[in-house]
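Inspection log for the structure reproduced underneath, given as structure tokens.
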Amino acid sequence: MTSPSGGHDHDDSARQRPSAVCARCGNRAEGPPPTWTCSVENGVRRYFCDACSRENLRAIEGRLDSAWW
């Protein structure tokens, strides 16, 4: 098996994780932080930062969509 011309088998820039954006306040983080909350609403994955998650904990536990917060 041969590698394409250009040298590398793997391109590191293609492996960079996209930044996560809080769906409520717009706070940004590199990749989905393990302490953020992830919610799937109407088939769309949404991330919420620590602060927004804490402020709306009861609504999250009650399984209310973020539109109700």
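The chain is numbered in sequence order, starting from 1.
Applying the side-chain hydrogen bond (donor to acceptor under 3.5 Å, both in side chains) test to R46 and every residue at least two apart in sequence or in another chain returns E41, S66. Listed by chain and number, the residues in a side-chain hydrogen bond (donor to acceptor under 3.5 Å, both in side chains) with D50 are T35 (sequence neighbours excluded).
Atom CZ in R45 sits 10.5 Å away from atom OG in S39 (nearest 0.5 Å).
Using a 4.5 Å heavy-atom cutoff, the side chains of W36 and N27 are in contact.
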Hey, can you pull the donor-acceptor pairs under 3.5 Å for the side chains in residues 52-60, sequence neighbours left out?
from, atom 1, to, atom 2, distance (Å)
S53, OG, T37, OG1, 2.8
S53, OG, F48, O, 3.4
S53, OG, C49, O, 2.9
N56, ND2, C52, O, 2.9

